[in-house]
Amino acid sequence: MIGIEHYVLLSAALFCIGLFGILTRRNALMFLMSVELMVNGAAINLVAFAFYYGNLTGQVFTLFVLALAAAEVAVGLGIILVLHRNYDTIDVTVPTTMRW
């Protein structure tokens, strides 16, 4: 049987991989993918503990977290399009300010 420890370990691994991606990458798309990994790691943790304790609060909260992640991706892709249009690159170290 798979215990809660396995889910927490998977969640921590996903979160750490996402954190490593944010700290080491310069590409804006990699930033978004790393943030998504971190959010999914947190969602797995919420679902695992909701299942372990037998209530649905964590699962309902996970639905809200995933909806927030979808909105974050939409806003992030808009910012990436502006970066590409203004600077012809999606490297986040090139623009120092976002101005009109």
Side-chain angles (χ1 to χ4, degrees):
M1 171 142 176
I2 298 176
I4 191 76
E5 300 86 17
H6 295 94
Y7 292 115
V8 172
L9 185 64
L10 175 66
S11 170
L14 280 177
F15 192 86
C16 289
I17 290 169
L19 184 65
F20 179 75
I22 284 179
L23 294 176
T24 60
R25 303 293 180 190
R26 298 163 107 181
N27 190 341
L29 287 175
M30 291 295 158
F31 273 4
L32 281 178
M33 290 187 345
S34 297
V35 167
E36 287 299 316
L37 276 174
M38 292 173 69
V39 168
N40 286 331
I44 288 174
N45 206 6
L46 286 170
V47 170
F49 278 106
F51 179 72
Y52 183 72
Y53 288 114
N55 66 10
L56 294 176
T57 307
Q59 293 178 4
V60 171
F61 192 63
T62 300
L63 289 175
F64 288 116
V65 167
L66 293 179
L68 180 72
E72 176 259 331
V73 167
V75 171
L77 286 176
I79 292 171
I80 289 173
L81 286 174
V82 168
L83 278 174
H84 182 64
R85 185 181 306 144
N86 289 340
Y87 298 103
D88 291 329
T89 185
I90 56 174
D91 187 6
V92 294
T93 59
V94 171
T96 56
T97 60
M98 294 285 286
R99 59 179 180 210
W100 297 100

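None of these values were measured; they are calculated from a predicted model.
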* Asked: Taking atom CG of Leu46 and atom CD of Gln59, what is their separation to the nearest 0.5 Å?
  -> 10.0 Å

* Indicate yes or no for a side-chain donor-acceptor contact from Ser11 to the backbone of Gly41 under 3.5 Å, with no hydrogens or angles considered. => yes

* Measure the CZ-CD1 distance between Phe31 and Ile79 for me, rounded to the nearest 0.5 Å. => 12.0 Å

* **Validation row: Val94, Leu83 side chains within 4.5 angstrom (heavy atoms)** => no

* Asked: About how many Å separate CD1 of Ile80 and CD1 of Ile90, when rounded to the nearest 0.5 Å?
  -> 6.0 Å

* **Heavy-atom side-chain contact between Pro95 and Asn86 under 4.5 Å** => no

* **Min side-chain heavy-atom separation Glu72-Glu36 under 4.5 Å** => yes

* Verify side chain to side chain donor-acceptor pair (under 3.5 Å) between Thr89 and Asp91, making sure each step is shown before the conclusion. => CA-CA 6 Å; Thr89 185; Asp91 187 6; 5.3 Å; no

* Structure fact -> Interatomic distance, CG@Leu37 vs CG@Leu32, rounded to 0.5 Å, equals 11.5 Å

* How close do Ile4 and Ala48 get, heavy atom to heavy atom, and via which atoms? -> CD1-O, 3.3 Å

* Structure fact -> dist Leu19:CG -> Leu14:CG (nearest 0.5 Å) comes out at 12.5 Å

* Does some side-chain heavy atom of Leu10 sit less than 4.5 Å from a side-chain heavy atom of Ile44? -> yes

* **Verdict with supporting geometry, Ile22 and Met38, side-chain contact (heavy atoms from CB on, under 4.5 Å)** => CA-CA 10 Å; Ile22 284 179; Met38 292 173 69; 3.5 Å; yes

* Would you say Val65 and Val39 make side-chain contact, with heavy atoms under 4.5 Å? -> yes

* To do: Determine whether Tyr7 and Asn45 make a side-chain contact, defined as any pair of heavy atoms from C-beta on separated by less than 4.5 Å.
  => no

* Side-chain contact, heavy-atom cut-off 4.5 Å: Leu77 with Leu29? -> yes

* Asked: Aromatic rings Tyr52 and Phe49: how do their planes relate, parallel, tilted or perpendicular, breaks at 30° and 60°?
  -> perpendicular

* Sub-3.5 Å donor-acceptor pair from the side chain of His6 to the main-chain atoms of Gly3, do we have one? -> yes

* Report yes if some heavy atom in the side chain of Arg25 is under 4.5 Å from a heavy atom in the side chain of Val92; otherwise report no. => no

* Asked: Got a sec: does the CG of Leu23 have more than 12 other heavy atoms crowding it under 6.0 Å?
  -> yes

